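This report refers to the structure that appears directly beneath it.
Everything quoted here is computed from the prediction, not taken from an experiment. Letters A, B, ... mirror the listed sequences (proteins, then strands); counts begin at 1.
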Amino acid sequence: MKWIALSIFLFSFNVLAHPVAYEGAFSFMSINSRDMSENTLVYSPKYWLGTGVKHVEGKDSKWTNAHLGFLAKRWNEFHSQGNFYLFGGPGVVWNRQQSDYFTRYGMQLDWETRRIYTMFKTSIADSKKFGTEQDYEGRIGFAPYLAGFDDFNSWMILQVTHVPGREQEVQVTPLLRMFYQNVLWEVGSSFQGNWLLNLMVRY
Amino acid sequence: MKSLLALVVLTFISFTTLAADVAQVKVKGMVCSFCSNGVKKKFSEFKEVKAVDVNMDENLVKITFNEQQNLDDKKITEVITGAGFNVSEIKR
């Protein structure tokens, strides 16, 4: 039971884009798969800070936590951008048998051009009753065409997740990412047959 | 002679005013249109701004102002920085 709950929680660490946005922006993110759904609302009072709340529902447990994302370093160049983020927050987890407080924290590194996107992220979930576990996620993406500011954007992304101790420790998921103006979608399926449907909207 | 002088001065003032109606801002880090949306949205909130065009190929934000209105370089830099990018150059 412990690893199932933690796996659901760690799976919820997926982020669709940067954990922070421009000053005054609200971001709504929804990540949905066969085993869980996650909804996050984040407000960015500064471009380097994201504050909000995240709710995750799995088959056997529910998780709600405060979300804090911090842009520790950004490298802005004419043809690329790199970022280093720290994120985390306290929360509550419960299932039919028990409930507990938990904390999560992690870091993310990404670098992208208009053609290439790379990302690495690791997170730790820590709960007295449910234990401690770490996950790793890597992404590499490619834009088949260069889209302008007002164009419809498409990306092909390969996502690899590794959660030690999980039944399927490594999952490889090809994704198709599309975005237009302030709306972003991702759709894909892992080679183990787990589908993924994500949505992100910024206001 | 006076009329000619007045005409020259008026023409000069008109051209100066017209030239100040557009600011072209070179921006660093603007590689994703989804993330760059904040630039357009934030500038559009100013009553001084008539239109905002973002050119990803040239890393350029073109701000067209309403007649006899403007934003100074400091404010433009503030908005771009607040959106998470860096200003390289502002041309008027």
Side-chain angles (χ1 to χ4, degrees), chain A residues 16-27 29 44-50 71 73-83 85 110-119 141 143 145-155 177-186 200-203, chain B residues 21-66 69-92:
Chain A
L16 304 185
H18 300 159
V20 298
Y22 55 88
E23 269 182 26
F26 282 93
S27 303
M29 285 170 277
S44 290
K46 296 287 178 186
Y47 76 91
W48 45 266
L49 186 66
L71 173 64
K73 177 71 180 169
R74 172 166 282 172
W75 296 269
N76 278 328
E77 301 297 337
F78 277 124
H79 303 293
S80 68
Q81 186 186 74
N83 297 289
Y85 297 99
D110 59 53
W111 181 83
E112 63 186 302
T113 69
R114 292 180 66 199
R115 277 279 189 200
I116 298 165
Y117 161 67
T118 58
M119 189 274 282
Y145 61 93
L146 277 183
F149 181 77
D150 293 313
D151 294 338
F152 187 87
N153 287 252
S154 303
W155 284 77
R177 167 186 280 191
M178 298 155 282
F179 54 89
Y180 179 68
Q181 295 186 352
N182 65 327
V183 186
L184 181 151
W185 309 263
E186 284 182 351
M200 183 171 182
V201 187
R202 269 189 186 153
Y203 302 97
Chain B
D21 279 346
V22 173
Q24 300 204 60
V25 191
K26 276 272 188 187
V27 180
K28 280 184 169 182
M30 215 168 49
V31 293
C32 155
S33 63
F34 182 73
C35 303
S36 307
N37 258 300
V39 172
K40 187 164 187 172
K41 189 182 174 191
K42 283 295 170 187
F43 277 119
S44 301
E45 289 172 0
F46 287 93
K47 64 176 175 50
E48 293 89 346
V49 174
K50 187 178 180 183
V52 185
D53 296 301
V54 180
N55 187 324
M56 305 286 291
D57 295 327
E58 296 178 22
N59 310 105
L60 197 68
V61 177
K62 183 181 167 189
I63 307 158
T64 307
F65 298 101
N66 285 313
Q69 295 193 21
N70 221 313
L71 293 176
D72 60 26
D73 288 4
K74 189 182 170 191
K75 180 52 80 178
I76 289 173
T77 303
E78 201 175 286
V79 173
I80 298 283
T81 306
F85 306 107
N86 293 128
V87 170
S88 169
E89 186 184 10
I90 301 175
K91 280 185 183 173
R92 301 232 182 211

message: Once rounded to the nearest 0.5 Å, what's the spacing between atom CD1 of I80(B) and atom OH of Y22(A)?
response: 13.5 Å

task: Can you tell which part of N59(B) gets under 4.5 Å to a heavy atom of chain A, answering side chain, backbone, both or neither?
output: side chain

- request: Kindly compute the distance separating CH2 (W75(A)) from CG (N86(B)), expressed to the nearest 0.5 Å.
  value: 13.0 Å

task: Any chance you could measure C32(B), atom SG, to Y117(A), atom OH, to the nearest 0.5 Å?
output: 9.5 Å

message: Report which part of V79(B) has an atom under 4.5 Å of a heavy atom belonging to chain A: side chain, backbone, both, or neither.
response: neither

task: Using the test salt bridge (Lys or Arg N to Asp or Glu O under 4.0 Å), find all partners of K75(B) that sit at least two apart in sequence or belong to another chain.
output: E78(B)

field: Heavy-atom pair of closest approach, residues N76(A) and F85(B)
entry: ND2-CA, 3.4 Å

message: Can a donor-acceptor pair be found, under 3.5 Å and without considering hydrogens, that links the side chain of K42(B) to the backbone of G24(A)?
response: no

Atom CZ of F152(A): over 12 foreign heavy atoms under 6.0 Å: yes

- prompt: For the atom pair CG (N83(A)) and SG (C35(B)), what is the distance rounded to the nearest 0.5 Å?
  reply: 8.5 Å

message: Could you go through M30(B) and F149(A), starting from their C-alpha distance and side-chain angles, then the distance that decides it, and tell me whether this counts as side chain to side chain contact (heavy atoms under 4.5 Å, CB included)?
response: CA-CA 10 Å; M30(B) 215 168 49; F149(A) 181 77; over 6 Å; no

message: Can you tell me if K26(B) has over 12 outside heavy atoms packed within less than 6.0 Å of its NZ?
response: yes

statement: Note: vs chain A, highest number of non-hydrogen pairs under 4.5 angstrom among S36(B), S88(B), G84(B) is G84(B)

query: In Å, rounded to the nearest 0.5 Å, how long is the span from CD of E23(A) to OG1 of T81(B)?
result: 9.0 Å

- prompt: How many angstroms lie between CD in Q81(A) and NZ in K28(B), if you round to the nearest 0.5 Å?
  reply: 12.5 Å

- request: For a side chain to side chain contact (heavy atoms under 4.5 Å, CB included) with S33(B), tell me which candidate from N182(A), N153(A), D151(A), D150(A) qualifies.
  value: N153(A)

- line: Taken in chain and number order and not counting sequence neighbours, the residues that satisfy side-chain contact (heavy atoms from CB on, under 4.5 Å) with K62(B) are V22(B), Q24(B), D53(B), T64(B)

Contacting region of F179(A) [heavy-atom separation from chain B under 4.5 Å]: side chain

